[in-house]
Structures are given as C-alpha cells and as structure tokens.
Amino acid sequence: MEFNELERQRIEKLKKLREAGVEPYPPRAYRTHTTQAAVEAFVAAEHSGNVPPTVTVSGRLISIRVMGKVAFAHIEDESGKLQLFIRQDEVGDESYTLFKKAFDIGDFVEAGGPVVRTRTGEISVQVKVLRMLAKAITPLPIPKEYEDAAGHLTRYSAFSDIEERYRQRYADLAVNPQVREDFRIRSRMISALRAWLDDHGYLEVETPILQPLYGGAAARPFTTYHNQLKQDLYLRISFELYLKRLLVGMYERVYEIGRDFRNEGVSFKHNPEFTQLEFYCAYTDLFGIMETVEQLIAYTVERVLGTATIAYQGHEITFTPPWQRRTLREVILTHSGIDYVAFPDADALRAEMRRRGYDTASNATWGHLVDNLLSAAEPTIIQPTFIREYPIDISPLAKQKPDDPTHVERFELFVGGMEMGNAFTELNDPLEQEQRFYQQGRDYEAGDEEAQPMDEDYLRALKYGMPPNGGFGLGIDRLAMLLTDHRSIRDVLLYPHLRSRD
RNA sequence: GGCCCGCUAGCUCAAAUGGUAGAGCAGGGGACUCUUAAUCCCUUGGUUACAGGUUCGAGUCCUGUGCGGGUCACCA
C-alpha cells in the first residue's frame, strides 16, 4: 500500500492510540440504541416526565467542533445523525486528549451516556465513555452542511466527481445520503414487483445464466468456456425460452428476476449486464398482459413512492390505469409522416426515409428501418404508452395477427422517453416457430449478428404443446431510473460497468 | 467506432493574451467548557491524468495515449 500525507498522519494516530492502550479495531460494539431510537427514547421520557435514557450509540464521526475543554461532534448511523456533547471533566483528561489528538472525521466510534438537550436545544448524548470502533485511514470527503431556518439544506464541496463516485461507490454511499436512498428505492421497487406477482399466482423460478445456446432477444451474447466439459457457453441475453418451456411443463404463471448480459455498446440507458423481470401467463394474450402490466407497475409505483404520479426529468408522469394504447404504424406516421406499410421492402423504405432526411445504414433490413423510425419517436413518448403491432421480421417469437400475417401481436411499453418493456402473444405453433428460426438463420447469414440461433430443444418442447399465453419483459433498471428521477442507468446500478484503468 | 467537452492538493474549485500553480474545506501546531459551515492566530500539502513536441519559458499551444461525460451511429 502507498499512503499520502494525510493517510500517514492517520497511521501515526493509530500508533498513538495503541501506545495509549486503545485498540483502534476492537472486535465488538455495544450499541444499545440507534441514533433514531435514542432520540425517540429521549422525547418519550421528556413527554412523560421520566428521567432521560442512558444510551450507547455507534456510528461514523461526520463532524467535530472542539472548543477547548468541551467538544461537539455528530455521528451518523443508518437511522440518522446524533450530536455528541463531550466534556473533558466527564470523559476524563486522558480520554479527552486522545479524542482531540487521534479521532478524525470518518472514524467509527461508540459513545455512552445520558441523552440531554444542549443549551441550544439539540438532543445530544452527554458522553461519559467514548470508544474507537474502527479508525479510518483515508479521509472521507464528508461535506459540511448548513441548514437554514426554513430547513433548507446546503452542502458544501460534496463529493460529486461522477467517475470517482462510480469507481468508489462505497465512498459515494458513505457521504451522499441521497445515493443511499436511491438504492433503497430500487430495493423496495423490486420487493413490490415480487409481492404483486406472488399475490397473483406467479411462481418465481430460476433458469440458467450459463447457456449452451442463447436466445429470446435480438442481441449479441458474451461467450465463455467450460474447461472440464470442453464446451462453449453463452451468458444469457434473456430468460424467455427457458421460462416458456415451463408452461409446457404445466406451470401457468411463472416469473424470474435476474441478470441479462448483452455484448453491445454502453450508454446512459445501457449497461452490459442489467436486471430484467420476465413473466409468462397461460391462457391470456397481449391484451391481458397489458392489463396485468398496468396493475403491476401502478401498484409498485404507488407502494414505493406513495403516489401514482411521479416527477421525471421535469415531466409529470402518472401511472394510473388505463394507459394509452397506440399502434406502431400510427406512432410512426404521426412522428415521421411515413406510413411504413406503404413501403414494403427495405429499398423503398430506405429511399423514403432518406428523402425525409433520415440517416440510414445501407445494409439495414426492413425491420431495422422500421425500428429506426420508432427510435426517433421514442423520446417524445413520456406518459406510459403501449405501442403494439410490430412487423413479423423483427419479432421471431411472437404470434401473427390473424388478419395480417405481416404483423405480430406484440407491444412495447414506453415511459419517460424510454422503452421499458416488451411483450407478445407468444408463438406456440412449433412448425411456424421452426420457420421463424430458419428465417433468423438467413438473416444471420446476411450479416445480422443479432439474429437468433435455431433452438432445437425449444422446438421439441413446443411439439409437446404449449398453451396459448402472453409474456412480458421489464427493464428493472429503467423503472428504477424513473422512480429515482435519474437520467443515467449508472445512477441506479451500485457498480456500473466502467473501463478499467491502466 | 465518429465528433465535442473534461481531467489542477484528500474534497470542491480558481489561475486574461504562454511568464514564480492559488483559495475554501479537510489535515498539522496553538487559543477557547454549549458548538453546529463554530470562531481566531500560525501552517503542511502539487510529476497540473500520462507520453512526446513547439518555445528562452507550457496547467495554458500542438500530437498521441488513458479514463470519464455528452452526442451520433450501433444497440432495446
């Protein structure tokens, strides 16, 4: 380890503590109250006229104000903050000197004594015993704060360098309470999703992450290798094909929450690994899934934030059902002026798009061109909106519309200008599915690296019969972005992927 | 991957046109027995991301590299 000057000074303090017979990393803490519980116990005693409680509280030192033979400090634990009132004549000369000379902001400490109000009225622990729990070597960038009479909090020089916050998330969390809160919201959100699904007859299952064959989405996979088996394996890009096999096995409602891995570019809304919820429900279709999704997400938002209306990047978004239902054709026509069904092949559509100023790749398939048109409209769709009826070319696992075999029963959910989820009336005709895989194979040969490979075992499952059903996939990270009002997916991932240094 | 922007002390930021690299906080020394951005006096701290180049002289200009941010493309 290399140490800078500040760290060397603190290592000297370590020695000073040990020379005084104080172990700077003792094995145990003896907390009797969280800071919040200490305050509550004090307030209760004050109301009932009882003697104030004596407590032992533990936490990180976040401020120190020494005034000669008396000092004030604040400690913070997960429940909140509490002031320590330390008097030399209460803790003793030796302990007080050690506090002044060897304790720093950032250290974990423990303080025991009665809870009192100081002259300014702040509830504090009148410290009788002060212990070091864990000495910090590296100074934490804990900001100074000022709270005015109106309760408005100003933070000075808060740790805000984006790259360092992501690389040293532990420090970010330690000094930025709002970041801690964002990840609590994310956690509560996942709990709420799970609770709703559990309450509605869905069985939570786990399917393979290491797969001999990937599929279920249009994406390039990560590859890996099993040494003993001498076998190439892929990290899954979706759960879809494994979950639908379970419907063949007579489960009617299944879901999985877990990680997908896609080998593609990173951006403010893409991380190489991300969390997905997928569920499948037998004996329903696209339209049944829409109602389920409305209920599921409205319940989740309400339970996590206490309201169905949220603020997101300056927009007000309301999740109260029913949500808008539009067709892909109408959305694209409205946004771009192009009625894509009038241009049924790639060359014609590309020519029309270029005529209207779109920059299109000359090797893009017709389906991808349609997708590009949708992408252009995407940022304008703020309120929760189901966009349905997709071209069959880009939907190899969805069932065709009975009255229009060029399109499938598929919707994507958009909120806040982002795609949040994707759903189909699932294709359960094994012969048709085989043809779709063949077409994907031809697309792959033609240069589409995201085309899905033939999955013989999945077809074997379908041949046993799969009930009609609808399925849905939800980007958990993106929903978390909405609920925490963050524009970047990295702010809702504890450890977003970053290129390594050196 | 293309283009644009950024990288200066532990943290947050300054440094006209190229001319001795600074401040606040944190840290160190001192004063102070009710403070809360405590206050007051003194003070340490830098390979300016890295490597080259131009120049008498580069944090500043040029080239390259790394990392990050934004944007476009790719991509759900």
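Each chain gets a letter, A, B and so on, in the order the sequences are listed, and its residues count up from 1.
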When you measure from the side chain of [X], which nucleotide among [options] comes out closest?
X: Arg65(A); options: rA38(B), rG30(B), rU12(B); answer: rA38(B)
X: His74(A); options: rU33(B), rC34(B), rU36(B); answer: rU36(B)
X: Leu6(A); options: rG10(B), rU35(B), rG24(B); answer: rG10(B)
X: Asn4(A); options: rG10(B), rU33(B), rG28(B); answer: rG10(B)
X: Arg490(A); options: rC34(B), rG29(B), rG69(B); answer: rG69(B)
X: Arg87(A); options: rC34(B), rU12(B), rA38(B); answer: rC34(B)
X: Thr118(A); options: rA26(B), rU71(B), rU36(B); answer: rU36(B)
X: Phe72(A); options: rU12(B), rU33(B), rU35(B); answer: rU35(B)
X: Lys144(A); options: rU12(B), rA37(B), rG28(B); answer: rA37(B)

Across the strands shown, which category fits [X] at heavy-atom distances under 4.0 angstrom: base, sugar-phosphate, nothing?
X: Ala158(A); result: sugar-phosphate
X: Thr154(A); result: nothing
X: Phe159(A); result: sugar-phosphate
X: Arg155(A); result: nothing
X: Glu5(A); result: base
X: Lys81(A); result: nothing
X: Arg499(A); result: sugar-phosphate
X: Glu122(A); result: base
X: Val175(A); result: nothing

The answer to which of Ser488(A) and Pro139(A) contacts RNA chain B further toward the 5' end, by nearest nucleotide, is Pro139(A)
Nearest-nucleotide check on RNA chain B, Gly121(A) vs Ala217(A); residue mapping nearer the 5' end is Gly121(A)
Near-ring test Phe72(A)/Phe85(A), centroid separation under 6.0 angstrom: yes
Please classify rA16(B) as syn or anti, treating any glycosidic angle within 90° of 0 as syn. syn
Considering every strand shown, what is the Watson-Crick or G-U wobble mate of [N] when both distances are under 3.5 Å?
N: rA15(B); answer: none
N: rC3(B); answer: rG70(B)
N: rG64(B); answer: rC50(B)
N: rC75(B); answer: none
N: rU35(B); answer: none

Under 4.0 Å between a side-chain N or O of Arg487(A) and OP1 or OP2 of rU71(B)? yes
So does Lys100(A) get a side-chain nitrogen or oxygen closer than 4.0 Å to the phosphate oxygens (OP1/OP2) of rG28(B)? no
Applying side-chain hydrogen bond (donor to acceptor under 3.5 Å, both in side chains), run through Thr327(A) and Glu389(A) and close with a yes or a no. CA-CA 6 Å; Thr327(A) 64; Glu389(A) 289 182 18; 5.2 Å; no
Under 4.5 Å between any side-chain heavy atoms of Arg155(A) and Pro177(A), yes or no? yes
Would you check if Asp107(A) and Asp104(A) make a side-chain contact, meaning some heavy-atom pair closer than 4.5 Å? yes
Once you measure the plane-to-plane angle for Phe472(A) and Phe279(A), does it fall in the parallel (<30°), tilted (30-60°) or perpendicular (>60°) bin? tilted
